[in-house]
There are 2 protein chains.
Amino acid sequence: MKSFKISEAVIRRLPIYLRFLNDLSLSGIQTVSSQDLGEKLDLNPAQIRKDLAYFGEFGRKGVGYNVDYLIEKIRHILKLDKPLNVALVGTGNLGRALCNYNMYLKDNMKIVAVFDADEAKRGTRINHLTVQPMRELKDVVKTLDISVGIITVPAQEAQTVADQFSASGVKGILNFAPVVLRAPAGVRIHHVDFTAELLSLAYYMDDHTEDKSEGVFE
Amino acid sequence: MKSFKISEAVIRRLPIYLRFLNDLSLSGIQTVSSQDLGEKLDLNPAQIRKDLAYFGEFGRKGVGYNVDYLIEKIRHILKLDKPLNVALVGTGNLGRALCNYNMYLKDNMKIVAVFDADEAKRGTRINHLTVQPMRELKDVVKTLDISVGIITVPAQEAQTVADQFSASGVKGILNFAPVVLRAPAGVRIHHVDFTAELLSLAYYMDDHTEDKSEGVFE
DNA sequence: TAGATTGTTAATCGATTAACAATC
DNA sequence: TAGATTGTTAATCGATTAACAATC
């Protein structure tokens with residue numbers, strides 16, 4: 001048994017591989033090479049082979065990778081082969097949109113509870129879920145065995161919610177609020193920062209378009 | 001006049017700096033050091049100084065950075081000092097949530113047109129905007145001088161929409177669909193991949209919590 | 001002045017890519 | 001077998017961090 005440190009960059013690519021492999025599987029394609037994957041996903045084939053090789057020898061030399069086998073392996077690596085319960089806090093437009101997003105189901109991840117700080121929203125229904133007040137958070141996380149929290153509250157409330165999630169025993173947080181959050185060791189935070197993505201996009205407009213990465217300054 | 005290649009990593013941090021500086025400015029704080037910024041944003045102070053130094057000498061030795069001056073500079077670097085018009089395609093839950101998101105205004109970026117492939121949705125109102133059919137896209141992009149497109153359609157339609165955006169003269173695309181998109185040179189694509197963020201979060205659950213970056217495999 | 005903090009160079013660290021022997 | 005493609009090492013590339021002279 002060997003022990004590796006797997007870099008974050010590698011782990012972040014695995015869901016990209018998984019998603020495309022699922023498409024291939026649905027199209028009835030049985031085998032894929034790192035070459036094929038690289039072309040479709042805009043990545044270097046050597047990088048893909050190296051990423052996968054951290055976890056085992058999943059391919060066959062001269063042949064490529066069996067699509068369904070690789071799907072199974074990646075799902076196992078990412079721990080998507082067992083159900084993962086998710087709680088969401090913040091039932092604004094974005095929070096409600098995510099609750100309606102149905103993709104979680106097919107990956108064994110599922111939003112099982114929804115909370116809002118606004119007591120007036122208590123009892124409101126979103127899909128099959130009923131909005132609960134924040135003071136229930138800790139109990140519900142324990143009872144329903146929730147391990148991931150999603151934050152879709154305004155920026156100024158996000159750190160408080162992150163703290164409440166951490167205290168309640170959640171192990172991962174997906175933050176949509178446009179603010180850098182902190183969590184204690186043992187709680188991992190991923191940040192979906194679409195406002196930053198949009199603002200940084202502005203940099204590449206106009207005069208930077210001819211040459212993708214050159215900026216001119218005095 | 002010098003010419004630099006500014007790395008993507010640097011550009012992606014600028015909006016993070018900008019956001020926090022705006023908070024400081026609103027709190028009436030006039031001066032900030034790279035030390036302060038680093039602590040709050042969880043970044044190395046040397047990295048922050050280096051990032052800023054690519055674009056000029058914005059700080060004062062022994063003192064730090066003037067908050068409002070730095071805001072002005074970063075806004076200029078990111079080209080947020082002139083208005084940028086944005087079009088959105090796909091009026092599902094997520095698309096409507098983004099239209100209602102009001103932050104664009106204060107950064108001179110504004111969604112000025114909304115489209116949907118479903119002709120039945122034509123004329124539907126979202127806030128002050130009226131949903132238009134896709135065949136109007138090219139004309140509207142030209143007429144309203146739109147330079148950025150947001151994609152919030154299902155994965156299987158996203159590449160088609162990206163192609164239509166590119167053909168219409170848009171220079172940047174923010175894609176929310178869970179699929180890798182391609183665009184011709186001169187059109188930059190940023191990807192907001194929250195499904196991938198969520199799936200990769202699963203990897204860090206349980207046994208990985210003691211040591212943040214160690215994975216154990218046979 | 002003494003203390004603080006920048007701007008910048010050099011050192012380090014880590015991630016990507018090329019190359020190729022192994023082998024299907 | 002001949003052609004293809006993996007797994008893996010070595011080379012390259014790029015990004016982060018440490019250190020410190022300059023100077024406010």
Side-chain angles (χ1 to χ4, degrees), chain A residues 2-14 16-17 21 24 29-67 69-70 73-74 77 180 200 211-215 217-218, chain B residues 2-14 16-17 21 24 29-67 69-70 73-74 77 180 200 211-215 217-218:
Chain A
K2 290 174 292 175
S3 182
F4 297 98
K5 303 217 169 171
I6 309 290
S7 94
E8 208 169 304
V10 173
I11 298 303
R12 278 172 194 277
R13 282 191 290 269
L14 295 181
I16 314 292
Y17 302 156
L21 291 166
L24 290 180
I29 293 167
Q30 305 284 330
T31 304
V32 70
S33 68
S34 59
Q35 185 74 235
D36 297 337
L37 284 169
E39 271 163 32
K40 296 295 187 170
L41 301 177
D42 211 4
L43 295 169
N44 184 301
Q47 181 171 65
I48 295 174
R49 293 200 298 279
K50 199 162 199 285
D51 284 353
L52 298 173
Y54 284 116
F55 304 99
E57 306 199 354
F58 302 147
R60 281 180 69 197
K61 292 189 172 81
V63 179
Y65 299 91
N66 177 282
V67 171
Y69 180 70
L70 193 52
K73 286 298 181 184
I74 295 179
I77 294 162
V180 175
S200 62
D211 182 322
K212 275 183 243 178
S213 52
E214 185 148 339
F217 291 88
E218 291 172 44
Chain B
K2 290 175 291 177
S3 180
F4 296 97
K5 304 215 168 172
I6 309 290
S7 93
E8 208 170 304
V10 173
I11 298 302
R12 277 172 194 279
R13 281 191 292 268
L14 295 182
I16 315 292
Y17 302 156
L21 291 166
L24 290 180
I29 294 167
Q30 304 285 330
T31 305
V32 70
S33 68
S34 59
Q35 185 74 236
D36 297 338
L37 284 168
E39 271 163 32
K40 297 297 186 169
L41 301 177
D42 211 4
L43 294 169
N44 184 300
Q47 182 170 64
I48 295 173
R49 292 200 300 278
K50 199 163 198 285
D51 283 354
L52 297 173
Y54 284 117
F55 304 99
E57 306 200 355
F58 302 146
R60 281 181 67 197
K61 292 189 173 81
V63 180
Y65 299 91
N66 177 282
V67 172
Y69 179 70
L70 193 51
K73 286 299 182 184
I74 295 179
I77 295 161
V180 176
S200 61
D211 182 321
K212 276 182 242 177
S213 52
E214 186 147 341
F217 291 87
E218 290 171 46

TODO: Using the test salt bridge (charged side-chain N to carboxylate O under 4.0 Å, His left out), find all partners of A:E39 that sit at least two apart in sequence or belong to another chain.
DONE: none

Task: Interatomic distance where NZ belongs to A:K5 and C1' belongs to C:dC13 [whole Å] - done: 14 Å

TODO: Calculate the interatomic distance between B:R12 atom CZ and D:dT16 atom C1'; express it in whole Å.
DONE: 18 Å

TODO: Locate the shortest heavy-atom distance separating B:T31 from B:I29; write the atom from each residue and the value.
DONE: O-CG2, 3.4 Å

Open item on the list: If I take atom NZ in residue A:K73 and atom P in nucleotide D:dG7, what distance separates them, rounded to the nearest angstrom?
Closed with: 12 Å

Open item on the list: Is any side-chain heavy atom of A:L43 closer than 4.5 Å to one of A:Y17?
Closed with: yes

- [ ] May I ask you to verify if any side-chain N or O of B:S7 is less than 4.0 angstrom from the OP1 or OP2 atom of D:dA15?
- [x] yes

Provide a list of protein-nucleic acid N or O atom pairs under 3.5 angstrom, restricted to nucleotides 2-4 of chain C.
none

Task: Earlier contact from the 5' end, DNA chain C, for B:D51 and A:D51 - done: B:D51

Task: Separation between CD1 of B:I16 and CG of B:L41, rounded to the nearest 0.5 Å - done: 7.5 Å

TODO: Return the 5'-most residue of the pair B:F58, A:V10 with respect to DNA chain C, ranking by each residue's nearest nucleotide.
DONE: B:F58

Open item on the list: In this structure, how many angstroms lie between the P atom of C:dT5 and the CG atom of B:L70, rounded?
Closed with: 16 Å

Open item on the list: Restricting to non-hydrogen atoms, name the atom on A:N44 and the atom on A:A46 that form the minimum distance, rounded to 0.1 Å.
Closed with: OD1-N, 2.7 Å

Task: Atom-to-atom span, CD1 of B:I6 to P of D:dT16 - whole angstrom - done: 13 Å

Open item on the list: Testing the basics here: between A:V67 and A:L21, what is the closest heavy-atom pair and its distance to 0.1 Å?
Closed with: CG1-O, 3.5 Å

Open item on the list: Distance check needed: D:dT16 P versus A:E8 CD, whole Å only.
Closed with: 12 Å

Task: Short side-chain N/O contact from B:R13 to OP1 or OP2 of D:dA15, under 4.0 Å - done: no

Task: Pairs satisfying salt bridge (Lys or Arg N to Asp or Glu O under 4.0 Å), at least one member in residues 49-67 of chain A, at least two apart - done: A:R13-A:D51

Please write out the pairs of protein N or O atoms and N or O atoms of nucleotides 17-20 of chain C separated by less than 3.5 Å, giving the distance to one decimal.
| unit_1 | atom_1 | unit_2 | atom_2 | d |
| --- | --- | --- | --- | --- |
| C:dA18 | OP2 | A:N44 | ND2 | 3.3 |
| C:dA19 | N6 | A:R49 | NH2 | 3.1 |

Task: Short side-chain N/O contact to C:dT5 OP1/OP2 from B:S34, under 4.0 Å - done: no

Task: Below 4.0 Å: OP1/OP2 of C:dC24 and any side-chain N or O of A:Y65 - done: no

TODO: Using atom CG of B:L52 as one end and atom P of D:dT16 as the other, report the distance to the nearest whole Å.
DONE: 14 Å

- [ ] Give, for atom CG of A:L14 and atom CD1 of A:I48, the distance between the pair rounded to the nearest 0.5 Å.
- [x] 11.0 Å

TODO: Can you tell me the distance, in whole Å, between the OH atom of B:Y17 and the P atom of C:dT6?
DONE: 12 Å

Open item on the list: Can you list everything that forms a side chain to side chain contact (heavy atoms under 4.5 Å, CB included) with A:F58? Sequence neighbours excluded, please.
Closed with: A:L52, A:F55, A:Y65, A:Y69, A:L70, A:K73, A:I77

Task: Identified stems (criterion: three or more consecutive Watson-Crick or G-U pairs, under 3.5 Å), DNA chain D - done: C:3-24 with D:3-24

